[in-house]
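A quick write-up on the structure given underneath.
FYI, side chains are in, hydrogens and waters are out, and symmetry mates aren't considered; it's all heavy atoms of this structure.
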Amino acid sequence: MASTKNLPGAALSLCSLVALYLYVNLFVFPRVPILLSGDQVFFWMNGQRILNGELPYRDFLQYTPPGIDLLYFSVFKILGVHVWITNIVVLVLGVALCGVCLSIASQIMEFDLALPATLLFVTLIYTRLLNATHHWFSVLLILCAVRILLGEQSRVRMFAAGALLGLASFFTQSHGAAALLGFTIWLSWQKFRESWNWQTLLANELFVLLGFVIALGGAESYFIATIGWKQLWYFQVTYVRNYIVHGPESSFLGMPNWGGWKHFPSAAQYLIVYLMLPIVYVLALARCWGGKDSGASSPEQNSKAMLVALTGAALLFEVMFSLNWLRVYAVSMPGFILLLWFVGQTRRIRPVAVGVIWMGILFIAATQIFYAHHREYVIAKLPAGWAAVNPEAYQKLHWIGEHTRPEEFFFHSGWPGVYIPLRLRNPVFVDALGLNIATRPEFVQRSIVQLDARAVHYILWSQRLNAPGDHDPPTSSLSPLRTYIHEHYRRVKVFGDLDEIWERDNPAPVAGTW
């Protein structure tokens, strides 16, 4: 492996380049942020609700740990609720992920391989999403823990790595636990490789576990005291197990846009990642477990690669219980590092493979920048600041903005996309509704009480919440809410996608509690 003496300077240059690349994908020049979407909007809204004095699990629905909610709350508290803030979070997160990717990759391969590994990840995976959800922050902390143990393996480092895994579980409860399992297996393997005695193994395991428990317990302590451990357990464990964990979220392994083999070309990009990750992990584990040394990789590098492989495999195995391409992409970084590590082992094809990878990186990056700046936007001044908005979304935002005021209660039934850009407030316990088991009947009833108590003036009703062929099926958990809306509201606007605005017949405030 090449000397890493100049790695900090190279890492700084790379991070600056990545920051510029992400900026041109997130902003329309010179400084108008593109209004983002994706699952991150749920957590923007949660941060806003905490800013307004609400708490997760008590005042609004949340079934992941509150780490991501508190992060957005902190950012909004310090910098204000602005559209550009959400884009900057995505940018900073991407730079941090690239920094840790380069640092880990440089520990097991030459810099000329670590660099394309990092850039392939940011172009093919991260910029494909630009979606700063809890998965990414959890994975970032896990990979920082990996990086700590790739250096000197002291008790302090074991404790610090465990603490980072505990904090990762404060963002995604299952990611931190899965990574902890991977670390445990790696330490056990190290016992036989390094001829540790049992006391050394148990001490190392104990320090990692101690760091995990103390960090996670400390992070959750406020919510245990204010919400109660039973309530936390119900939403973070019982509710997830009963209503959230299920099979693939689409007809073909959780991939989007799958309508049969005629749509195979559009699904190929996802299928490549799906196939690459398990193959790379199996091959890496087989090579490292057997202690094979091709001359291109030393036993020390094999040991480090083993930790990367076990961590990546554990995360991939965990997301398979609720398979979704977004989750697979979020845990894919270890696989891309190991892919380039394997390229480095094959001296004959290495120049050609690296050349093809570089061409792919440049093509993907150029395509993404071109697409980001050749889409149709409406530059709009919203309550949360200037933003570049797609025309369909602008129609809704413009109409709603003309008929509401910032800090007013407004219920967007199917998607929480209007709350941050228009600075509106969600009046009900649920974040959004859906025709699935996660929309519990008790949550629907609670929403009716809250809509009535707050005399919410407008509701944006999503067409997808109406079952095909039956406007109000009696078996649907949403049936009571639809009945309530029809009795107390009147439809005043239908948008191009058939979403509807319903206005309350008597919008004056009324008494009530919930």
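- In this structure, the salt bridge (charged side-chain N to carboxylate O under 4.0 Å, His left out) partners of Arg350, at least two apart in sequence or on a different chain, are Glu110, Asp112.
- A donor-acceptor pair is defined here as one N or O able to donate and one able to accept, closer than 3.5 Å; no such pair exists between the side chain of Asn131 and the backbone of Gly38.
- Arg157 contributes a side-chain N or O that, together with a main-chain N or O of Ile148, makes up a donor-acceptor pair within less than 3.5 Å.
- Between Tyr458 and Trp399, a ring centre-to-centre spacing shorter than 6.0 Å is recorded.
- Between Tyr239 and Phe235, the two ring planes are tilted [angle within 30° to 60°].
- Put simply, the side chain of Ser103 never gets that close to the backbone of Val100: no donor and acceptor are under 3.5 Å apart.
- A distance-only check finds a donor-acceptor pair linking the side chain of Asp499 to the backbone of Gln463 [under 3.5 Å].
- Trp461 and Asn466 share a donor-acceptor pair across their side chains, judged by distance under 3.5 Å alone.
- Two residues are said to be in side-chain contact when any heavy atoms from C-beta on lie closer than 4.5 Å; Phe170 and Pro66 meet this criterion.
- Of the N and O atoms on the side chains of Gln236 and Tyr57, at least one donor lies less than 3.5 Å from an acceptor on the other residue.
- Residues Leu35 and Pro421 are in side-chain contact: their nearest non-hydrogen atoms beyond the backbone lie under 4.5 Å apart.
- Between Leu315 and Ser332, every side-chain heavy-atom pair lies at or beyond the 4.5 Å cut-off.
- Using cut-offs of 30° and 60° for the angle between ring planes, the Phe137 and Tyr72 rings count as perpendicular.
- Between Leu164 and Phe212, the closest side-chain pair of non-hydrogen atoms is not below 4.5 Å.
- Formation of a donor-acceptor pair under 3.5 Å by the Tyr126 side chain with backbone atoms of Gly94 is found in this model.
- With sequence neighbours left out, the salt bridge (charged side-chain N to carboxylate O under 4.0 Å, His left out) criterion links Asp39 to no other residue.
- Between Val328 and Asn324, the closest side-chain pair of non-hydrogen atoms is not below 4.5 Å.
- For the pairing with Gln107, the side-chain contact (heavy atoms from CB on, under 4.5 Å) check across Val146, Leu102, Leu150 returns one residue only, Leu150.
- A donor-acceptor pair under 3.5 Å is absent between the side-chain atoms of Arg128 and the main chain of Thr123, judged by distance alone.
- The aromatic rings of His135 and His175 sit tilted, their planes meeting at an angle between 30° and 60°.
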Exercise. Going through the distances and angles, do Lys396 and Asp497 end up as a salt bridge (charged side-chain N to carboxylate O under 4.0 Å, His left out)?
Worked result: CA-CA 10 Å; Lys396 294 180 182 178; Asp497 60 359; 2.5 Å; yes

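- In this pair, His412 and Phe410 present their aromatic rings perpendicular. The plane angle is above 60°, beyond the 30 to 60° band.
- Atom CH2 in Trp386 sits 8.5 Å away from atom CD1 in Ile379 (nearest 0.5 Å).
- Side-chain N or O atoms of Gln40 include one that pairs as donor or acceptor with a backbone N or O of Ser37 at under 3.5 Å.
- Remark: Leu71 CG to Ile50 CD1 distance equals 10.5 Å, nearest 0.5 Å.
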Exercise. Going through the checks in order, is the side-chain hydrogen bond (donor to acceptor under 3.5 Å, both in side chains) test met by Arg491 and Tyr489?
Worked result: CA-CA 7 Å; Arg491 186 170 54 196; Tyr489 290 77; over 6 Å; no

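- Ring orientation note: the planes of Trp325 and Tyr329 are nearly perpendicular, at an angle over 60° on the 30°/60° scale.
- His374 places a side-chain N or O within 3.5 Å of a backbone atom of Phe370 that can act as its donor or acceptor partner.
- Donor-acceptor pairing under 3.5 Å is recorded for the side chains of His134 and Thr172.
- Checked by atom type and distance alone, the side chain of Arg464 pairs as donor or acceptor with a backbone atom of Gly414 at under 3.5 Å.
- For Asp431, there are no salt bridge (charged side-chain N to carboxylate O under 4.0 Å, His left out) partners, not counting sequence neighbours.
- A side-chain contact (heavy atoms from CB on, under 4.5 Å) with Phe336 holds for exactly one of Leu124, Thr118, Leu119, Val122; it is Leu124.
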For this session: Could you please spell out the steps behind the salt bridge (charged side-chain N to carboxylate O under 4.0 Å, His left out) verdict for Asp59 and Arg49?
Result: CA-CA 9 Å; Asp59 302 312; Arg49 296 186 76 157; over 6 Å; no

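- Each of His403, Arg405, Glu503 was evaluated against His457; a single residue qualifies, Glu503, per the side chain to side chain donor-acceptor pair (under 3.5 Å) test.
- For the pair Ile244 and Tyr63, the minimum side-chain heavy-atom distance is below 4.5 Å.
- When all heavy atoms are compared, the tightest approach of Met276 to Gly335 is SD-O, 4.0 Å.
- In this structure, a donor-acceptor pair under 3.5 Å is present between the side chains of Asp69 and Gln62.
- A donor-acceptor pair under 3.5 Å links the side-chain atoms of Thr367 to the main chain of Phe363, judged by distance alone.
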